[in-house]
Amino acid sequence: MRTIRVAAAQMGPIQKADSRQAVVARMLALLDQAIGQGCDLIVYPELTLTTFFPRWYMTDQAEVDTWFERAMPNEATRPLFDKAVAHKIALSLGYAELTEDGHHFNTQILTDKAGTIVGKYRKVHLPGHAEYDPERAFQHLEKRYFEPGDLGFPVWRALGGIIGMAVCNDRRWPETYRVMGLQGVEMIVLGYNTPSVNSQKAEEAGDLRMFHNHLVVQAGAYQNSCWVVSVAKAGVEDGHPLIAGSAIVNPDGVIVAQAKTEGDELIVHDCDLDATRFGKETIFNFARHRRIEHYGLITERTGAIPPPE
Ligand code: ING
């Protein structure tokens with residue numbers, strides 16, 4: 001049994017006016033709970049330090065950059081890293097990354113139990129749009145504020161296993177999981193900020209969003225025989241609702257723990273990484289069953305091209 005006791009630290013809403021210090025105080029309270037339960041790893045959501053700012057149209061890059069972190073850890077997050085190191089618990093958190101050479105990414109990091117950043121992932125699948133869209137009930141300007149990730153879908157040997165990361169919209173694309181699956185991933189940790197309503201389809205039922213949210217992480221876990229830890233920032237941010245539904249999914253695709261509230265909430269589960277072995281050695285033994293000679297279109301073609309009429 002190679003067990004990781006994982007805490008999914010769902011964050012409730014973060015208002016535009018909330019300071020990073022106020023947010024980190026909430027994150028520390030969840031970390032205290034995780035420490036109290038003897039967790040090995042705590043996972044915080046996408047853009048966990050600020051409100052989901054891509055909902056706001058901004059034209060002044062200096063204003064946009066106030067939502068980004070120039071270093072990690074930094075003054076605001078140092079207390080989080082220090083407490084995690086003191087109690088030997090690994091961290092994964094999402095934040096807006098502004099690199100020294102001026103690049104903007106939607107990033108998730110993973111530390112070891114000594115607080116060293118051992119993994120960095122930059123969101124590849126950016127949903128939404130780059131220019132103001134008056135047709136939408138609200139904006140979703142990730143293509144305006146972030147560049148697509150430039151690190152691919154790496155995995156790292158950490159915490160006694162093989163760990164990978166993803167961010168939000170990435171979880172909707174099977175390629176995300178499969179590229180990591182082809183590297184033997186045993187646990188994928190990811191965060192999300194998912195609007196409760198469809199900005200382009202007001203009549204879409206709310207429970208459909210939650211259905212899709214769980215459908216994609218359960219499928220990804222099952223089809224790659226790995227654990228998926230999926231953590232929400234939830235609740236109403238300046239009038240804009242985000243879904244909750246944080247979940248820990250086992251390698252059979254079964255949700256074994258799920259958040260009940262739309263606020264700050266910790267869900268914990270002992271994830272046995274050896275439980276990934278059976279699927280990887282039988283039904284999803286990629287080496288025995290995959291026929292890559294037929295998969296070419298997946299990397300050769302970006303958009304769908306139907307057959308001629
Ligand atoms: N949010 C949403 C997500 O992928 C979205 C955007 C919602 C896309 C619903 C499609 C359908 O969960 C982020 N931040 O990617």
Side-chain angles (χ1 to χ4, degrees), residues 8 10-14 16 43-58 64 67-69 92-97 104-109 121-131 133 135-149 153 165-177 188-221 228-247 249 255 258-259 262 303:
Q10 175 177 288
M11 293 291 288
I14 300 176
K16 207 173 176 184
V43 183
Y44 293 103
E46 172 190 30
L47 298 178
T48 192
L49 298 172
T50 67
T51 195
F52 186 71
F53 63 86
R55 71 166 66 89
W56 303 114
Y57 180 65
M58 294 174 271
V64 173
W67 297 107
F68 284 74
E69 313 301 326
S92 180
L93 64 96
Y95 64 96
E97 176 191 13
H104 297 74
F105 297 108
N106 188 336
T107 296
Q108 187 88 14
I109 54 154
Y121 170 74
R122 290 167 171 163
K123 184 175 186 178
V124 167
H125 298 96
L126 297 172
H129 48 108
E131 298 307 326
D133 180 351
E135 299 299 307
R136 287 173 180 249
F138 52 88
Q139 305 300 299
H140 196 114
L141 292 156
E142 293 195 59
K143 292 185 193 295
R144 183 181 183 82
Y145 301 134
F146 301 116
E147 298 168 58
F153 299 102
M165 292 187 276
V167 178
C168 204
N169 197 255
D170 287 320
R171 77 191 187 287
R172 300 180 189 278
W173 300 92
E175 295 87 346
T176 301
Y177 304 89
I188 297 173
V189 300
L190 66 92
Y192 60 93
N193 289 223
T194 299
S196 303
V197 295
N198 188 326
S199 63
Q200 298 171 290
K201 191 178 174 188
E203 65 277 16
E204 182 179 280
D207 50 2
L208 186 60
R209 312 281 276 178
M210 189 60 78
F211 169 72
H212 287 156
N213 174 45
H214 289 145
L215 174 67
V216 293
V217 294
Q218 289 181 264
V228 176
V229 180
S230 184
V231 191
K233 170 125 76 55
V236 181
E237 296 191 333
D238 297 293
H240 295 273
L242 298 170
I243 65 168
S246 301
V249 187
I255 294 176
Q258 186 174 333
E262 295 208 337

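This is a predicted model, so every value here is computed, not measured. As the structure lists them, so they are numbered: ligands from 1, and atoms in each ligand from 1.
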Engineer: Look only at the side chain of Asn193 and the backbone of Glu46, and say whether a donor-acceptor pair between them is shorter than 3.5 Å.
Structural biologist: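 The answer is yes, because a donor-acceptor pair under 3.5 Å joins these two groups.
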Engineer: Hey, which residues fall under 4.0 Å of ligand 1 on heavy atoms?
Structural biologist: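 Around ligand 1, where the cutoff is 4.0 Å for heavy atoms, the contacting residues are Glu46, Phe52, Lys123, Pro127, His140, Glu142, Cys168, Asn169, Arg171, Arg172, Asn193, Thr194, Arg209.
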Engineer: So, the side chain of Tyr44 versus the backbone of Ala8: is there a donor-acceptor pair under 3.5 Å, distance only?
Structural biologist: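 A pair under 3.5 Å: no.
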Engineer: By the salt bridge (charged side-chain N to carboxylate O under 4.0 Å, His left out) test, which pairs, at least two apart or in different chains, include something from residues 197-215?
Structural biologist: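 As it turns out, the salt bridge (charged side-chain N to carboxylate O under 4.0 Å, His left out) pairs with a partner in residues 197-215, which skip direct neighbours, are Glu204-Arg209.
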Engineer: Have a look at Lys123 and tell me which of Glu142, Glu147, Gln108 forms a side-chain hydrogen bond (donor to acceptor under 3.5 Å, both in side chains) with it.
Structural biologist: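 Going through the options one by one, the only one that passes is Glu142.
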Engineer: Carefully, step by step, assess Glu131 and His129 under the rule side-chain contact (heavy atoms from CB on, under 4.5 Å).
Structural biologist: CA-CA 6 Å; Glu131 298 307 326; His129 48 108; 5.7 Å; no
Engineer: Just checking His104 against Trp67, ring centres under 6.0 Å apart?
Structural biologist: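 They do not qualify: ring centres at least 6.0 Å apart.
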